[in-house]
Amino acid sequence: MATKDGEGQPKYRRIADALREAIRAGEYGPGARLPGENDLMAAHGVARMTARQALGVLRSEGLTESRKGAGVFVRAFRPLRRRGIQRLSGEQWGAGRSIWAADVEDRDLVVDQIAVTEETAPERVAHLLGLAPDDAVCVRSRRFVLDGKPVLLAVSHLPAALVAGSAITREDTGPGGIYARLAELGHEPAHFREEVRSRMPSQDESTRLSLSAGTPVMLICRTAFTSDGRAVEVNEMILDSAAYVLEYDFDA
């Protein structure tokens, strides 16, 4: 059982709360080193495990990162505000702009890993796209890096017969991306559905996203539909939860 203080809260939580407030107040700025386990033990009169748990809380919240042999530091990365509605507006990609332009502003975003293949549709994807189990899909796998930090893994699936011969089957889809090309093919997206959940990452995901220990990922599965209800894309995304704020701004 965790050691508790006079107010009934575990001591490691009280220490984590104090450190968090110090970070928010600017006492420890981006990139600053926090007090180590020995410092916290001496300052608060607690055991090493309690100090370690306190630092672990901040790390799991994405506020800090551990550097082997150096200590625990305040994360310098500014979270990305993902504007879930504005980014998918037809005014965005229809004008030849990337849907990312609504999120990144003047920050440096690159796709440093991309692969475009044709594969048999996985069962879940075939179901969402209304395909037969052995139908082929065009698969576009990308890793997005913002300000030098990997933040997102995305895999889009589109019916292969629908996009055959188009720029969607090439690495560079051109201005406006996939949705602008679908519109040119006569299958303009008119409606989107996103499902969001979270879990801990696999080892491969943790490595590819350069995640700190204990950082979960957010999973977003987006399906794009035409005006007549046909599903034309399923995009499965894995996000570094500490790198994102999900924002949904809409009228009542």
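Residue numbers run from 1 in the order of the sequence given.
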Salt bridge (charged side-chain N to carboxylate O under 4.0 Å, His left out) assessment of Asp112 paired with Arg142: CA-CA 8 Å; Asp112 75 333; Arg142 295 92 74 201; over 6 Å; no

Quick one: [atom1] on [X] to [atom2] on [Y], what's the gap to the nearest 0.5 Å?
X: Glu21; Y: Glu27; atom1: CD; atom2: CD; result: 11.0 Å
X: Ile238; Y: Arg199; atom1: CD1; atom2: CZ; result: 5.5 Å
X: Ile114; Y: Arg143; atom1: CD1; atom2: CZ; result: 13.0 Å
X: Thr117; Y: Glu119; atom1: OG1; atom2: CD; result: 3.5 Å
X: Arg48; Y: Glu37; atom1: CZ; atom2: CD; result: 5.5 Å
X: Glu194; Y: Thr223; atom1: CD; atom2: OG1; result: 9.0 Å

Regarding [X] and [Y], do their side chains bring together a donor and an acceptor under 3.5 Å, going by distance alone?
X: Thr64; Y: Arg75; result: no
X: Glu233; Y: Tyr179; result: yes
X: Arg13; Y: Gln53; result: no
X: Asn235; Y: Arg140; result: no

Salt bridge (charged side-chain N to carboxylate O under 4.0 Å, His left out) assessment of Arg20 paired with Asp17: CA-CA 5 Å; Arg20 188 187 304 104; Asp17 289 348; 2.8 Å; yes

Criterion side-chain contact (heavy atoms from CB on, under 4.5 Å) on His127 and Val125, from CA distance to verdict: CA-CA 5 Å; His127 174 72; Val125 171; over 6 Å; no

If two hydrophobic side chains count as joined below 4.5 Å and joins carry through other members, does [X] share a cluster with [Y]?
X: Val111; Y: Ile220; answer: yes
X: Leu219; Y: Leu246; answer: no
X: Val145; Y: Leu239; answer: no
X: Val139; Y: Leu128; answer: yes
X: Leu146; Y: Met218; answer: yes

Connected-component partners of Leu40 among ILVMFWY, side-chain separation under 4.5 Å: Ile15, Leu19, Ile23, Tyr28, Leu34, Val46, Leu55, Leu58, Leu63, Val72, Val74

Check: Asp147 side chain, Lys149 main-chain N or O, donor-acceptor pair, under 3.5 Å: no

Whether Ser241 side chain and Pro216 backbone form a donor-acceptor pair below 3.5 Å: yes

Might you point out which heavy atoms bring [X] and [Y] nearest each other, and give the distance in Å?
X: Gly31; Y: Phe73; value: O-CD2, 3.4 Å
X: Ser206; Y: Pro201; value: N-CB, 4.1 Å
X: Cys221; Y: Val234; value: SG-CG1, 3.9 Å
X: Ala70; Y: Arg33; value: O-NE, 3.0 Å
X: Gly165; Y: Arg170; value: O-NH1, 4.5 Å
X: Val116; Y: Ile168; value: CG1-O, 4.1 Å

Criterion salt bridge (charged side-chain N to carboxylate O under 4.0 Å, His left out) on Arg124 and Glu236, from CA distance to verdict: CA-CA 11 Å; Arg124 66 186 183 285; Glu236 297 179 315; 2.7 Å; yes

Any residue meeting ring pair (Phe, Tyr, Trp, His ring centres under 6.0 Å) with His191, in chain and number order, not counting sequence neighbours: Phe225

NZ/NE/NH1/NH2 to OD/OE distance under 4.0 Å, Glu195 and Arg197: no

Lys/Arg-Asp/Glu bridge criterion (N-O < 4.0 Å) met for Glu188, Arg181: no

CA sep, side-chain torsions, deciding dist, call: Arg208, Glu205, salt bridge (charged side-chain N to carboxylate O under 4.0 Å, His left out): CA-CA 5 Å; Arg208 294 186 65 197; Glu205 293 164 353; over 6 Å; no

Criterion side-chain contact (heavy atoms from CB on, under 4.5 Å) on Val163 and Leu182, from CA distance to verdict: CA-CA 8 Å; Val163 302; Leu182 283 170; 4.2 Å; yes

Working for side-chain contact (heavy atoms from CB on, under 4.5 Å), residues Arg82 and Glu247: CA-CA 6 Å; Arg82 183 182 187 274; Glu247 178 181 300; over 6 Å; no

Validation row: Leu211, Asp240 side chains within 4.5 angstrom (heavy atoms): yes

Close side-chain approach of Lys11 and His44, heavy atoms under 4.5 Å: no

Passing option when Leu209 is tested against Val217, Val151, Asp204 for side-chain contact (heavy atoms from CB on, under 4.5 Å): Val217

Audit row: Arg222, Arg193, side-chain contact (heavy atoms from CB on, under 4.5 Å) steps and yes/no: CA-CA 6 Å; Arg222 180 172 69 235; Arg193 180 179 65 223; over 6 Å; no

Flag if over 12 foreign heavy atoms under 6.0 Å of CE, Met49: no

